[in-house]
Structure formats: C-alpha cells, structure tokens
Protein chains: 2
Amino acid sequence: MTSIDDVAASLGVSTATVSRALRGLPGVAEETRARVNSTAKELGYVPSSSASGLASGRTMAMGVLVPVIDRWFFSAVLEGIDRRLRAAGYDLVLFSLGGDGVNRDRVFHRSILRRRIDALLVMSMHLTPEERKAVQQLEYPNLVIGGAVEGVRHVGIDDAQAARDAVEHLIGLGHTRIAHMRGGGSFDIDFEVPRLREQAFRDAMTDHGLTVREDWTAFGDFRFVTSRASALAMLADPRDRPTAVFCSSDEMAFGVLTAAAELGIDVPRDLSVIGIDDHEFAEPMGLTTIRQDPAGQGAYAADLLLGELMRNEPADDPPSRPHALVVRKSTGPAPS
Amino acid sequence: MTSIDDVAASLGVSTATVSRALRGLPGVAEETRARVNSTAKELGYVPSSSASGLASGRTMAMGVLVPVIDRWFFSAVLEGIDRRLRAAGYDLVLFSLGGDGVNRDRVFHRSILRRRIDALLVMSMHLTPEERKAVQQLEYPNLVIGGAVEGVRHVGIDDAQAARDAVEHLIGLGHTRIAHMRGGGSFDIDFEVPRLREQAFRDAMTDHGLTVREDWTAFGDFRFVTSRASALAMLADPRDRPTAVFCSSDEMAFGVLTAAAELGIDVPRDLSVIGIDDHEFAEPMGLTTIRQDPAGQGAYAADLLLGELMRNEPADDPPSRPHALVVRKSTGPAPS
DNA sequence: ATGAAAGCGCTAACAT
DNA sequence: ATGTTAGCGCTTTCAT
C-alpha cells in the first residue's frame with residue numbers, strides 16, 4: 001500500500017505538502033498541487049481513514065441507528081441521509097437493532113461509542129432508559145428522526161396535526177362513523193408516533209361532536225398483513241360498519257383496501273380509506289393520504305448535523321417538517 | 001476521552017496488558033483481566049477504532065455497496081447482512097450510488113478504497129467497466145449478491161431456473177396464452193437478472209411448443225407503478241388477452257393484480273398471475289410466487305466474507321441459493 | 001504473566 | 001510556500 005510518504009518521496013517534497021495539496025488547503029503553489037495530484041493518482045495512493053481519523057480526530061463518517069432496515073419509512077429516510085452524506089464526502093455507518101433484541105447493548109457500547117463516527121442520527125425507535133441516557137450524553141452532535149425522544153433534538157412532521165388533517169378530511173366529506181387503524185409497538189419502533197396519531201384521531205372526533213367506538217379502533221401494527229386481518233374482522237358485519245377508516249400509515253391502508261375488496265365493499269362508495277405517508281404504492285393504488293417526505297426529512301437532518309460539524313456550533317431547534325393532504329380515489333362522500 | 005493509557009496508569013500496569021486483557025487474548029492472569037475490565041468500565045473507556053485500525057490493519061467494518069436503498073430486495077438483503085455483522089462485532093458501512101449518477105466515482109475511489117473497511121459486499125448493480133475492474137482488483141475479500149458480475153464471486157438464486165419454474169407452473173395449469181412483465185434497467189440495478197429471467201421465460205415457452213407474443217412482453221421496470229400502467233394497456237382488449245402473466249418480480253405482479261381489478265378481470269378465473277420474490281405483501285395479497293430469501297442471501301454472503309477474514313484464506317465458490325414455488329390464490333387453471 | 005518501545009499513516013502546530 | 005516534528009491511541013514484537 002502506497003502511503004503519503006511514498007508520494008512525498010517520489011516528488012521530493014514533504015508529507016505535509018502532500019497532505020495540504022490533496023486536501024485542497026491553502027498555502028500550496030498551484031503547480032505543486034497539480035504535481036502532487038497527478039503523482040498520487042499514478043501511484044494509486046488512497047489515504048487511510050484510520051490514520052487521518054486518528055490524527056485529526058474526525059472520522060468523516062456519520063452513524064445512523066435504525067430499529068429495522070427493511071421498512072419503507074426507514075429505508076426512505078436512509079436514502080435521503082445517504083445523498084447528503086455522499087455529497088459532503090461523509091461515509092454512512094449503519095447500526096440496526098434488528099428485530100430480536102440480541103446484542104443491543106453491544107451495538108450501543110462497542111460500536112456507537114467507539115469513535116468511529118463524528119455524529120449520530122437516531123431513527124424513531126424505542127430506547128431503553130439507559131440507551132436514551134447514553135444518547136443524551138453523547139459528546140458528538142446527534143438528532144432523532146421520526147418520533148421524539150425526550151431530551152434529544154428531533155426532526156419530523158407534526159404527527160398530531162397530520163392525523164387531524166386526515167380525520168377532518170373524512171369529517172368534511174360527511175362521515176360520522178369513522179374507524180381507526182392504529183400502528184403498533186413491534187420492531188422496536190417508538191411508541192410516540194402511533195400514540196400521537198391515535199390521540200389526534202380521538203381529539204378530532206370529540207371536537208366535532210363524534211363518538212369513538214372502541215370496537216372500531218383496530219390494531220394494524222403498521223403492517224399490511226396485520227391490518228388486513230384486523231380490517232376483515234372490523235368490516236365483517238354489513239349492517240354495522242364504519243363508512244370510513246383513518247389509518248396511521250399507508251401500508252395499513254393497503255391492508256384495509258385489500259380487506260374491503262375481499263369483502264366486496266366498494267371504495268369509495270361504501271367505504272372511504274385514508275392513510276399517512278404517501279408510500280410508493282399509494283399513487284398507483286389511488287389512495288388518499290397525508291404525504292410526508294421521509295427522504296427529505298433524512299436529508300434535512302443530515303444537513304443539520306453536517307452544518308454543526310462544519311461550523312462547530314449547535315444549530316437551532318429544527319421546526320416541524322411539512323405534510324400535505326393528497327386526495328385520490330379512496331375517499332368520497334359518506335353514503336346517505 | 002479516557003484512553004488505554006489512563007486505564008493502564010490507573011491500575012499501575014502497562015498498556016499492553018490492558019490491550020490484551022480487553023481483547024481476551026491469552027497471557028493475562030485471570031485476576032488481572034478482571035481488574036482491567038472493571039476499571040475500564042468504571043472509567044468509561046471506549047477503544048478508538050481509528051487507533052486500533054491503524055495499529056492492527058483491521059477496521060472491523062464491512063462495506064456494502066447498493067444501487068439504491070429503498071427497494072424491498074436491497075433493504076431485505078441489508079437486514080440479513082447486518083445481523084451477521086453485528087453478531088461478529090463488525091460494523092456496516094453503507095455505500096449507495098443512489099439514483100442520480102452524481103459522485104459515483106467519488107464514492108468508489110474516496111470511500112470504498114479508503115481502507116475504512118476490511119471487506120466489500122456489492123449488491124446486484126450495473127457497474128461501469130472501470131468500476132468492475134476496481135472491484136476485481138480489490139485487495140480485500142469481496143462478493144457480489146444478486147446478479148452476477150463477470151470476474152467476481154457471486155451469491156444468489158438460480159434466476160433462470162426460478163423463472164422457468166414459474167412459467168412451468170402456469171403451463172402445468174393449462175395456460176398457453178402467457179404474457180411476461182419484465183424488469184428493467186432503472187436504479188442502476190444490474191441488467192443480468194431481468195435478462196436471465198426473460199430468457200428463461202422464452203426458453204420455457206419454446207420448450208413446451210408455445211409461442212411468445214411480443215406485444216405480450218411488457219416492461220414493468222421492477223416497479224408497481226410502471227407495471228400497472230403496462231398491464232392496463234396489455235389487458236385492455238377483452239377479446240384478445242393473455243390468460244396468465246409471469247412477472248419477474250412481486251412488485252410488478254401487484255401492479256398487474258391492481259390493473260386486473262380495475263379492468264374487472266377476475267383473478268384467477270380469467271387471469272393467473274405469478275411473481276418472483278415472496279415480497280412481504282405477497283401472502284396477504286394471495287399472490288402465487290417463487291420465493292427467494294434475500295435476508296438469508298445477505299446473511300450467507302456476510303458469513304462467507306467473515307469466514308475469509310477470520311481464516312485468512314478464500315472460501316469455495318458459493319452454490320446457488322434456494323428458491324421455491326409458493327402457490328396461493330392468484331393462479332388457477334386456464335379458462336376453457 | 002507482564003513491560004518497553006517501535007511503529008501504523010496521517011495531521012497540525014511551529015519553523016523557515 | 002514548504003519543511004520538521006510531535007503526537008493521535010492503539011497493537012505488536014521482543015524482552016524480561
């Protein structure tokens with residue numbers, strides 16, 4: 001492996017000059033810089049991140065902690081984070097607590113704290129009290145995306161308002177018999193988001209003088225399968241059925257849509273369905289939903305941390321990220 | 001930040017002893033080891049990966065290169081890789097070439113070659129000739145998952161056989177008017193997989209004396225949206241319609257299913273649909289498919305590389321990973 | 001079983 | 001504009 005010394009020796013300059021030239025620092029003659037660059041390339045020189053990390057104290061890597069990788073929301077956020085990091089020359093170290101709780105603390109202690117990263121992004125997950133404390137005490141910039149974690153800065157949409165917008169869209173269409181498909185606690189996903197959305201549903205109903213029927217509050221666990229099963233039961237009785245379902249996520253809305261089709265219920269004539277997310281499948285499925293932009297949130301969060309890393313001073317508390325109602329074909333006026 | 005020296009000083013032993021004790025190396029008295037461990041914990045000592053990486057030459061991190069993150073297959077494979085790495089105490093550095101071709105070579109040169117990682121996993125993507133060459137010349141263990149790349153070891157299912165199994169399932173049900181929804185070249189996903197599957201479709205048809213109608217070979221780009229649109233066109237004419245569609249992926253099969261529902265075509269009475277993947281939504285949607293296990297493939301690949309890293313000698317060429325036909329409700333006998 | 005000391009390959013003052 | 005020289009915090013011989 002050719003090192004910086006090889007490049008320096010081959011040119012008859014000092015390693016310091018090579019280092020400066022390669023990193024684009026001032027104080028190097030343009031001609032020297034050019035020669036350094038070309039010799040470095042010739043020799044196939046690639047700087048060692050361990051060495052520069054050790055010497056400079058910056059690893060040029062950012063950590064991202066997720067509860068699971070293969071869920072639409074998380075991978076979409078990751079995508080957004082990745083773009084920004086790449087543009088900034090940062091690498092992305094991915095930590096997943098993945099499903100089973102095995103090795104959780106090892107991940108936390110060995111990896112996350114191991115100075116492999118300059119900053120940490122935590123994605124909406126349920127942290128144990130010790131874990132939360134560990135994050136709060138981190139000596140490098142950090143941020144939570146998605147559900148809020150007490151004592152840590154947070155980037156995300158206004159979940160309560162988003163849910164309320166969805167419910168009020170249904171109410172505005174004349175619906176009064178409205179059910180709720182709520183998210184859940186699997187995957188170590190945080191509990192804050194589903195709770196906020198459910199509460200907003202209840203508040204909106206109450207504010208409009210409508211009653212919430214507990215047997216119309218089903219558990220979908222943020223998943224297609226679970227939601228379909230719950231919906232099948234909830235919609236079974238043709239004589240006593242909700243006319244609309246507010247789902248805390250699009251994937252659950254797909255489950256309701258599928259169940260409705262299986263039961264021969266016409267959407268939106270007999271049943272309106274609305275979700276939250278604007279999942280990739282929402283548009284082709286004609287699903288009305290509250291759009292949020294996970295990739296945008298990831299990019300925003302990454303930028304914020306990157307900014308702190310550059311300027312070396314904490315940024316302001318980030319405002320809520322935007323959401324928007326997207327009306328498609330799955331919602332319509334309440335049947336008379 | 002407490003360093004290894006602090007721990008050593010506080011105990012009155014040498015840094016070498018601390019290093020040995022903490023890493024579980026032999027040649028340390030049990031009593032000493034215990035004292036070291038407890039003092040290290042007390043002092044909140046966390047080893048620096050840069051320092052140990054520099055000194056030992058091993059970063060304890062593995063790189064994973066993906067064309068995009070937020071596609072079901074890729075994130076599922078990632079999930080599998082992550083589990084194994086975590087268990088082995090390795091960190092996962094994620095490189096994405098993400099959509100637009102921006103910064104591609106920077107990722108390749110700056111990051112991947114920067115000795116931040118001990119091994120590299122490349123996920124099924126289209127590499128430029130130079131990139132392919134760079135991978136082939138990598139000085140650390142590497143492997144491709146998904147579509148094969150010439151000159152690089154490869155882990156994946158037997159795509160030709162998987163596709164053939166799907167087509168022969170349809171033929172076995174008496175279908176002769178079979179269409180194909182093929183994958184595509186977006187996302188920088190590699191071209192080998194869609195090509196292999198299409199070729200297998202053609203071969204199977206020919207072998208059974210059936211003809212392939214070019215107007216029944218639609219482009220779905222491995223995506224729901226695109227596939228739905230293509231299917232809408234392909235299935236529009238009730239008097240001249242295929243009775244079955246073989247889709248190169250489940251997401252495309254969902255598109256066909258949706259299109260069929262919109263057109264009022266009964267599945268499976270009037271139309272059979274089969275996919276490849278066994279996507280999370282396949283079971284609740286009742287989709288017949290060829291199951292492959294992306295997480296398993298990821299785990300398998302990670303294990304292989306991890307093994308080489310431990311034993312320091314190349315492993316055998318990996319055999320094809322298994323696939324299996326899963327019959328559900330979307331396929332049935334050909335209409336008479 | 002433990003210690004001393006020489007690096008690993010860079011960066012960052014401080015000189016010149 | 002360039003060079004010199006300490007480290008950065010570990011691992012790893014080689015001694016003892």
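In this text the structure is predicted, and so the values were computed from the model without any measurement. First the proteins, then the strands, lettered A, B, ... as listed; each starts at 1.
With distances taken from any side-chain atom of Ser3(B) to the nucleotides dC10(D), dT11(C), dT2(C), the minimum falls on dC10(D). Closest to the side chain of Thr15(A), from the set dG3(C), dT5(D), dG9(C), is dT5(D). Picking from dC10(C), dC8(C), dT2(C) the nucleotide with the shortest atom distance to the side chain of Val28(B) gives dT2(C).
Atom-to-atom, CZ of Arg58(B) to P of dG9(D) comes out at 23 Å; the value is rounded to the nearest Å. When the P atom of dT2(D) is taken as reference, atom CG of Leu22(A) falls 14 Å away, rounded to whole Å. Straight-line distance from the CG atom of Asp118(B) to the C1' atom of dC8(C): 15 Å, rounded to whole Å. Taking atom CZ on Arg115(B) and atom P on dC10(C), their separation rounds to 6 Å, with Å as the unit. Atom-to-atom, CG of Leu25(B) to P of dT13(D) comes out at 11 Å; the value is rounded to the nearest Å. Between the P atom of dA1(D) and the CZ atom of Arg35(A) lies a distance of 15 Å, rounded to the nearest Å. Distance Leu54(B) CG to dG7(C) P: 14 Å, rounded to the nearest Å. Counting to the nearest Å, the P atom of dC10(C) and the CZ atom of Arg23(A) are 11 Å from each other.
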Go through Glu280(B) and Arg71(A) one step at a time and tell me if the salt bridge (charged side-chain N to carboxylate O under 4.0 Å, His left out) criterion holds.
-> CA-CA 10 Å; Glu280(B) 184 188 354; Arg71(A) 304 260 90 212; 2.3 Å; yes
Step by step, would you call Arg33(B) with Glu30(B) a salt bridge (charged side-chain N to carboxylate O under 4.0 Å, His left out)?
-> CA-CA 5 Å; Arg33(B) 193 187 301 278; Glu30(B) 269 321 311; 3.5 Å; yes
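In this structure, Ser14(B) and Ile4(A) both approach DNA chain C, and ranking their closest nucleotides by distance from the 5' end singles out Ser14(B).
Checked by atom type, the side-chain pair Asp118(B)/Thr59(B) shows a donor-acceptor distance below 3.5 Å.
Within 6.0 Å of CD in Glu139(A) there are 12 or fewer heavy atoms belonging to other residues, nucleotides or ligands.
For dG3(C), one of the phosphate oxygens OP1 or OP2 lies less than 4.0 angstrom from a side-chain nitrogen or oxygen of Thr17(B). The shortest distance between the side-chain N/O atoms of Ser19(B) and the OP1/OP2 oxygens of dT11(D) is below 4.0 Å.
At the heavy-atom level, Thr32(B) lies under 4.0 Å from the strands shown only through sugar-phosphate atoms. Across all strands, Ala16(A) comes closer than 4.0 Å to base atoms (heavy-atom distances).
The base of dG3(D) is paired with the side chain of Arg20(A) by a donor and an acceptor separated by under 3.5 Å.
Once rounded to the nearest 0.5 Å, the distance linking CZ of Phe73(A) with OG of Ser124(A) reads 6.0 Å.
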